[in-house]
Number of protein chains: 2
Amino acid sequence: MDNSKEKLKFETYLTDKNLKHTEQRVHIMDIFSSAGKHLTAEEIYLAVRKKHPGIGYATVYRTLKLLCEAGICRELTCEDGIKRYEYQSQDEHHDHLICTKCGVFVEVVDPEIEKLQERLFKLNGFYPERHRMELYGICKKCSK
Amino acid sequence: MDNSKEKLKFETYLTDKNLKHTEQRVHIMDIFSSAGKHLTAEEIYLAVRKKHPGIGYATVYRTLKLLCEAGICRELTCEDGIKRYEYQSQDEHHDHLICTKCGVFVEVVDPEIEKLQERLFKLNGFYPERHRMELYGICKKCSK
DNA sequence: CTTGATATTGAGAATCATATTCAAATAAAG
DNA sequence: CTTTATTTGAATATGATTCTCAATATCAAG
Ligand SMILES: [Zn+2]
Ligand SMILES: [Zn+2]
Ligand SMILES: [Zn+2]
Ligand SMILES: [Zn+2]
């Protein structure tokens with residue numbers, strides 16, 4: 001996956017905040033873009049460790065927080081209570097279909113639902129900020 | 001709030017599973033129906049303690065699990081990672097509008113959204129099981 | 001009302017994910 | 001190269017939830 005755009009975004013973010021451009025931060029970004037989406041901190045930690053055994057958990061958590069702040073990564077609190085991180089720029093919203101057997105995440109957006117959600121906010125006098133929608137079921141592969 | 005229906009449901013559940021009808025279990029149910037909805041385990045623990053100081057955390061957690069199994073209570077995993085429990089029979093589904101300032105929960109159901117969610121499951125080859133939708137924003141009171 | 005089998009309790013310890021502390025290492029500016 | 005502020009990893013702390021276990025309570029049978 002080409003992650004040059006995100007790399008630039010991260011570098012810009014670090015520079016702007018007077019933070020340093022370290023190896024570890026780059027390593028974590030790299031693994032993130034190659035090892036898939038919707039990863040737990042542990043999965044990221046283990047993946048980074050394979051190539052860079054010295055890295056510590058604290059650095060992974062700190063870097064994930066930074067990536068989220070920079071808008072490169074999104075944190076999902078799933079039903080099991082474990083946070084998952086997906087590598088993605090903030091502006092492209094999507095929701096999830098999740099298989100309860102194999103755990104696969106499918107990303108979906110339904111513009112009609114999004115519109116109705118806005119209506120729900122308005123109907124209840126809320127100023128809308130964000131939402132999350134998770135659809136749990138059994139995927140095609142697992143229901144065979 | 002009249003919770004005789006739920007009490008009967010719980011008693012039946014306990015009897016069916018050869019479990020015992022203890023004071024503590026009744027106390028937790030009672031607080032639950034009087035102290036509001038969408039409570040954390042801690043809030044429930046503290047509320048029960050006011051009337052029944054001897055009760056322990058373990059009993060609260062165990063009873064909440066039982067109530068969920070009995071279909072009297074639903075567990076919500078919120079974005080802060082803390083589980084909340086709402087006292088309610090299983091069959092009445094609803095989603096939530098949540099104020100990010102004051103934390104108020106408003107229960108909503110939009111039949112059109114529910115239909116479109118079913119369509120999303122089908123479109124992606126998923127057998128539907130359940131879903132959760134949380135809309136985060138600022139409520140009327142807080143935006144004044 | 002006993003008795004005895006079984007379930008339940010509360011205190012405390014254990015667990016798990018995540019956050020914090022701090023001395024040593026490193027990046028970046030001069 | 002020096003200086004200075006930031007970052008790192010190891011270890012420790014935290015906070016929510018679960019487990020362990022000895023003591024206690026429930027409930028059915030006698
Ligand atoms: Zn959406
Ligand atoms: Zn996603
Ligand atoms: Zn719904
Ligand atoms: Zn609710």
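Order of the sequence lines sets the chain letters (A, B, ...), proteins ahead of strands, with each chain counted from 1. Every heavy atom of this structure was used, including side-chain atoms; hydrogens, water molecules and symmetry mates were not.
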(message) Please say yes or no: joined through hydrophobic side-chain contacts below 4.5 Å, possibly via intermediate residues, are A/Leu135 and B/Leu116 part of one cluster?
(response) yes
(request) Rounded to the nearest angstrom, tell me the gap between atom CG in B/Leu64 and atom P in C/dT9. (result) 12 Å
(message) Taking only side-chain N and O atoms of A/Thr59, does any of them lie within less than 4.0 angstrom of OP1 or OP2 on D/dT7?
(response) no
(request) Could you tell me the separation between the OH atom of B/Tyr45 and the P atom of D/dG15, rounded to a whole number of Å? (result) 16 Å
(request) Could you pick out which residue, B/Ala41 or A/Glu23, lies toward the 5' side of DNA chain D when each is mapped onto its nearest nucleotide? (result) A/Glu23
(message) Rounded to whole Å, please give me the gap between CG in B/Asn18 and P in C/dA7.
(response) 8 Å
(request) Could you work out which one of C/dA7, C/dA28, C/dG10 sits closest to the side chain of B/Leu19? (result) C/dA7
(request) Would you indicate what A/Gly81 reaches in the nucleic acid, counting non-hydrogen atoms under 4.0 angstrom: base, sugar-phosphate, or nothing? (result) nothing
(request) Identify which nucleotide among D/dG9, C/dG10, C/dA17 has an atom closest to any side-chain atom of A/Ile82, counting heavy atoms from C-beta outward. (result) C/dA17
(request) Quickly work out the A/Glu75 CD to C/dT18 P distance and round it to whole Å. (result) 8 Å
(message) Quick check: any donor-acceptor pair below 3.5 Å linking the side-chain of A/Lys20 to the base of D/dA5?
(response) yes
(request) Answer yes or no: does a side-chain N or O of B/Arg25 lie under 4.0 Å from OP1 or OP2 of C/dT9? (result) yes
(request) Ignoring the backbone of A/Tyr61, work out which of D/dT7, D/dG9, C/dA17 is nearest its side chain. (result) C/dA17
(request) Please say which of B/Glu107, B/Glu86, B/Glu92 ends up in a salt bridge (Lys or Arg N to Asp or Glu O under 4.0 Å) with B/Arg74. (result) B/Glu86
(request) With the side chain of B/Gln24 defined as its heavy atoms from C-beta on, choose the nearest nucleotide among D/dT17, C/dG10, C/dA27. (result) C/dG10
(message) Do B/Lys101 and B/Lys141 have side chains that approach each other closer than 4.5 Å (heavy atoms only, starting at C-beta)?
(response) no
(message) Rounded to whole Å, please give me the gap between NE2 in A/His27 and P in C/dA27.
(response) 11 Å
(message) Assess, by modelled atom type and distance only, whether the side chains of A/Tyr136 and A/Glu134 contain a donor and an acceptor separated by less than 3.5 Å.
(response) yes
(message) Side chain of A/Lys83, heavy atoms from C-beta onward: which of C/dA28, C/dT18, D/dT18 has the nearest atom to it?
(response) C/dT18
(request) Determine whether the side chains of A/Tyr13 and A/Glu69 contain a donor N or O and an acceptor N or O closer than 3.5 Å. (result) yes
(request) To the nearest Å, give me how far apart CG (B/Leu66) and P (C/dT9) are. (result) 8 Å
(message) Checking contacts here: which listed nucleotide (D/dG9, C/dA11, D/dT7) is nearest the side-chain heavy atoms of A/Thr22?
(response) D/dT7
(request) Let me know the distance between NZ of A/Lys65 and C1' of C/dA17, rounded to the nearest Å. (result) 13 Å
(request) Check the distance between D/dA5's P and A/Leu14's CG and give it to me in whole angstrom. (result) 19 Å
